[in-house]
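In what follows, a structure is listed as structure tokens, so that the remarks can point back to it.
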Amino acid sequence: MTQQVKITLLDGSQREVARGTTPAEIAASIGPGLAKAALAARIDGELVDIGRPIEADAQLALVTARDEKDALELVRHDYAHILAEAVQALFPGTQITFGPATDDGFYYDVAPPADHGPFTEDDLPAIEAKMREIIAADKPLRREVWTRQQLIERWAGQGESFKAEWAAALPDDEELTVYWSGSDWLDMCRGPHLASTGKVDPQAFKLTRVSGAYWRGDQKNAMLSRIYGTGWLNKKQLDAHLLRLEEAAKRDHRKIGQEMDLFHLQQEAHGSVFWHPQGFVIWRQLEAYMRRAIDDAGYNEVKTPQVMDARQWEQSGHWGKYRENMFVIPDEVPNVEDEGPLVSDEAEWMALKPMNCPAHVLIFRQGIKSYRDLPLRIYENGCCHRNEPHGALHGLMRVRQFTQDDAHIFCREDQIVDEVRAFCALADRIYKDFGFTYSIKLALRPEKRFGSDEMWDLAETELRNAVIAAGLATEEYGWEELPGEGAFYAPKLEWHLTDAIGRTWQVGTIQSDRVLPERLDASYVGEDGARHRPVMLHRAIFGSYERFIGILIEHYAGKFPLWLAPVQAVVATIVSDADEYAKAVVEKLRGAGIRAETDLRNEKINYKVREHSLGRVPNLLVVGRREAEEGTVALRRLGSDEHQKVMSVDDVIAQLVAEATPPDLR
RNA sequence: GCCGGAUUAGCACAGUGGUAGUGCAGCGGUUUUGUAAACCGAAGGUCGCGGGUUCAAAUCCUGCAUCCGGCACCA
């Protein structure tokens, strides 16, 4: 066996070193600066410890803070370990389980000691302080390969039942490693890690919250305490992140919804929205916009029943697969006597619709359809109810009553690709009108599903091919396939929007379904005169009006483009002598279709400017004696640094009318 | 549904066993004001709901509801 190995560095240069030389040593031989900066290495592409001996000829890349993605992953992973060590140091008897890096930090799931109860946020300051001690101690992190037997014995011996279970379950072909922190603490971990605990910045992390989390993500298992932190390379990054969180909190649609008087929620109807006049203006604009879009795209709008017999839901399969999310209603006159149960034991059941698809099939089934009728696109602003778990409800984003922009396209096999492509184009146009970029994902068959494997193969292939044909299955569109995430009846293409501050939201979807037409016996007469099954494409672009408006509120931070703004202009007076003039201006604005209000209150103009600015009114038209005499207004635009502009009323109206035109009508 | 936290005036919040408070909004008055908060006054509460402990409960205990942060769920 040769004692030398050949190392190829990033710049292509090569050097011979003794077998077992570490990347750290090579970094040191290149220069002290690099030795200090090197956090880890990639050997033949694999991310490894800086102290990992090199055993064969290899390509070597040294990882420094400049390789931000790798570096963040490494430090976050280290923070997670230090967190676990700190918790065990402070709370002996705590069991550790699992602690990965996340998108902006890390967490560790731990089981508190029997006498302690779950950890709370009150515990965090002490844990943070202990973590800083461990970082200050700069304990070397040392990797060792162990056998499964060693691991199980060690964990079982320490009373770490979760780790022991985990060690026993790890796959046979995996090299099992532990990392020592100094000589007194170790965790089972795949690595890699930095060379020592002192390599992370003690000022660049913060423990943020504590929550419950099930062991191995399964509801049937024990509930652990999950301690979350955010972690970065340096304090500047941490501060920037904390600032971003503050900015995101300011955009919270629940907060803005209250500030702008758009909607409210209350406990007597939890999970269902009370839309206020201002909020419903936005809804109406979206509804009108969507109607124009679907009219153009050859859809037919329908309206279907809110409540249908349970037998219908049994036939569609929802009763079996979806009942726990449905609101059921006895089909019986309730008992009006004081005594006795509200409904009898013999009551038949009905259910509020959780989806619109069965009703659309029932419309399709009326009369005989021929191949000439296809593709038939049935659209509905469909109001659905789903009995969501209480813990899932969240503002407008997750509600129990919502209205989908839902349509079902009944078509032949050979029409699927064209229909999906047309849908891609429609979705593209609509999302761009709102200023979103997006990525497309294909969610593949879930475990709990209807239909044969052949059918799923076919359906998945069709959707994939359609996206490829549309030229969207590319990196630019974030193309990705997500195993196990499809609906129970069909795979789905998903559109994930990216909003103004970089967060993503899954909204649009199209799914190709052969199950429901079969179950509800939908058919058409083909050219051959025989009966055939249509394929059914389920599709939505907003997803639900509620959620889409929630997303828009956060995307625009409440500063809606003019066509969506609840109040488009306020005419505010400086002196009461201008009241009559202000009223006349508002009349003219309204006559031109602008949503305008007067503000004649007995307040200083400073006060009115401040109030309407905070209220996110896009245009403030200030009028005093001068404007009243000259027939002008002083236009002050929200978010504009420039000063007011004095304009004639007609010019202002022309400008606002142009700006308030919905994007599809421009 | 699970873990933790919260719930006090329209809103934001203070109040740890002894007469429920502050700011803003709203209401009344004064002021007629030129681009991000004029001044004065009066009013506003079943302290989420139920039960318990206590001479006395917003405050302690308990059950429930809703909300918040996660987990699980998300057709």
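The sequence lines fix the lettering, A, B, ..., with proteins before strands; numbering per chain opens at 1.
Of the C1' atoms belonging to B:C27 and B:A9, the separation is 14 Å, rounded to the nearest Å. One P atom belongs to B:G48, the other to B:C11, and the distance between them is 13 Å to the nearest Å. Taking the P atoms as reference points, B:A12 lies 27 Å from B:G17, given to the whole Å. Using atom C1' as the reference point in both B:C68 and B:A56, the two lie 33 Å apart (nearest Å). The gap from the P atom of B:G21 to that of B:A42 amounts to 15 Å, rounded to the nearest Å. Taking atom C1' in both B:G28 and B:G4, one finds a spacing of 47 Å when rounded to whole Å. Nucleotides B:G18 and B:G26 have their C1' atoms positioned 33 Å apart, rounded to a whole Å. B:A6 and B:G10 have their P atoms separated by 23 Å, given to the nearest Å.
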Audit row: A:F119, A:F91, ring-ring contact (aromatic ring centres under 6.0 Å, His included) steps and yes/no: CA-CA 10 Å; A:F119 291 109; A:F91 305 95; 4.9 Å; yes
Kindly determine whether A:F423 and A:W495 satisfy ring-ring contact (aromatic ring centres under 6.0 Å, His included), including the steps that lead there. CA-CA 11 Å; A:F423 177 76; A:W495 273 253; 5.2 Å; yes
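Ring pair A:Y107/A:F98 is perpendicular by interplanar angle, where above 60° counts as perpendicular and below 30° as parallel. Note: A:Y79 and A:F205 have tilted aromatic rings, judged against thresholds of 30 and 60 degrees for the angle between ring planes. In this structure, A:F542 and A:Y545 have perpendicular ring planes: the angle between them is above 60°, well past the 30° mark.
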Using atom names, set out every protein N or O paired with an N or O of nucleotides 33-44 of chain B below 3.5 Å, distance rounded to 0.1 Å.
{"unit_1": "B:U33", "atom_1": "O4", "unit_2": "A:N602", "atom_2": "OD1", "d": "2.2"}
{"unit_1": "B:G34", "atom_1": "O6", "unit_2": "A:R625", "atom_2": "N", "d": "3.4"}
{"unit_1": "B:G34", "atom_1": "O6", "unit_2": "A:R626", "atom_2": "N", "d": "3.3"}
{"unit_1": "B:G34", "atom_1": "N1", "unit_2": "A:E627", "atom_2": "OE1", "d": "2.9"}
{"unit_1": "B:G34", "atom_1": "N1", "unit_2": "A:E627", "atom_2": "OE2", "d": "3.3"}
{"unit_1": "B:G34", "atom_1": "N2", "unit_2": "A:E627", "atom_2": "OE1", "d": "3.3"}
{"unit_1": "B:G34", "atom_1": "N2", "unit_2": "A:E627", "atom_2": "OE2", "d": "2.3"}
{"unit_1": "B:U35", "atom_1": "O2'", "unit_2": "A:R636", "atom_2": "NH1", "d": "2.7"}
{"unit_1": "B:U35", "atom_1": "O2", "unit_2": "A:R636", "atom_2": "NH1", "d": "3.2"}
{"unit_1": "B:U35", "atom_1": "N3", "unit_2": "A:Q644", "atom_2": "OE1", "d": "3.1"}
{"unit_1": "B:U35", "atom_1": "O4", "unit_2": "A:Q644", "atom_2": "OE1", "d": "2.0"}
{"unit_1": "B:U35", "atom_1": "O4", "unit_2": "A:Q644", "atom_2": "NE2", "d": "3.3"}
{"unit_1": "B:A36", "atom_1": "O4'", "unit_2": "A:R610", "atom_2": "N", "d": "3.3"}
{"unit_1": "B:A36", "atom_1": "N7", "unit_2": "A:R636", "atom_2": "NH2", "d": "3.3"}
{"unit_1": "B:A37", "atom_1": "N9", "unit_2": "A:R610", "atom_2": "NE", "d": "3.4"}
{"unit_1": "B:A37", "atom_1": "N7", "unit_2": "A:R610", "atom_2": "NE", "d": "3.1"}
{"unit_1": "B:A37", "atom_1": "N7", "unit_2": "A:R610", "atom_2": "NH1", "d": "3.4"}
{"unit_1": "B:A37", "atom_1": "N7", "unit_2": "A:R610", "atom_2": "NH2", "d": "2.9"}
{"unit_1": "B:A37", "atom_1": "N6", "unit_2": "A:R610", "atom_2": "NH2", "d": "2.7"}

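If you check B:G18 for Watson-Crick or wobble pairing at under 3.5 angstrom, you find it paired to B:C55. Base-pair partner of B:U35: not found among the strands shown (Watson-Crick or G-U wobble, both distances under 3.5 Å). Pairing of B:A43, defined by two Watson-Crick or G-U wobble distances under 3.5 Å, is not identified with any nucleotide. The pairing partner recorded for B:C71 is B:G1, the criterion being a Watson-Crick or G-U wobble arrangement whose two distances lie under 3.5 angstrom. Using the Watson-Crick or G-U wobble rule with both distances under 3.5 Å, B:G50 pairs with B:U62.
Within 4.0 Å of A:Q404, counting heavy atoms only, lies at least one base atom of the nucleic acid. Residue A:K353 is classed as having no contact, given no heavy-atom separation below 4.0 Å to the nucleic acid. Using a 4.0 Å heavy-atom criterion, one finds that A:F488 contacts the sugar-phosphate atoms exclusively. Using a 4.0 Å heavy-atom criterion, one finds that A:P389 contacts the bases of the nucleic acid, with or without backbone contacts as well. Residue contacts for A:Y489: at a heavy-atom cut-off of 4.0 Å it reaches the sugar-phosphate backbone alone, with no base atom in range.
The closest donor-acceptor contact from the side chain of A:W313 to the backbone of A:M308 lies under 3.5 Å. Judged purely by atom type and a 3.5 angstrom limit, A:R514 has no side-chain atom pairing as donor or acceptor with the backbone of A:A490. Side-chain N or O atoms of A:E419 include none that pairs as donor or acceptor with a backbone N or O of A:C411 at under 3.5 Å.
Here the CD atom belonging to A:E546 is positioned 8.5 Å from the OG atom belonging to A:S272, to the nearest 0.5 angstrom.
Rounded to an integer number of Å, the gap from CZ of A:R323 to C1' of B:C74 is 19 Å. Put simply, CD on A:E447 is 11 Å from P on B:C74, counting in whole angstrom units. Summarising the geometry, the separation between CG on A:D218 and C1' on B:C3 is reported as 16 Å, rounded to the nearest angstrom. The distance between atom CG of A:D579 and atom P of B:U32, rounded to the nearest whole Å, is 15 Å. Here the P atom of nucleotide B:C74 and the CG atom of A:N387 are 14 Å apart, to the nearest Å. Rounded to whole Å, atom P of B:A72 lies 12 Å from atom CZ of A:R398. Rounded to an integer number of Å, the gap from CD of A:E546 to C1' of B:C74 is 16 Å. Between the CD atom of A:E259 and the C1' atom of B:G10 there is a distance of 14 Å, given to the nearest Å.
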In 5'-to-3' order, the base (B), backbone-only (S) or no-contact (-) status of each nucleotide in nucleotides 60-71 of chain B, using a 4.0 angstrom heavy-atom cut-off, is -----SSSSBBB
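A:L656 has its side chain within reach of A:L589: a pair of non-hydrogen atoms, C-beta onward, lies under 4.5 Å apart.
Sorted by first and then second residue, the pairs that involve residues 249-258 of chain A and meet salt bridge (charged side-chain N to carboxylate O under 4.0 Å, His left out), not counting sequence neighbours, are A:E247-A:K250, A:D252-A:R254, A:K255-A:E259.
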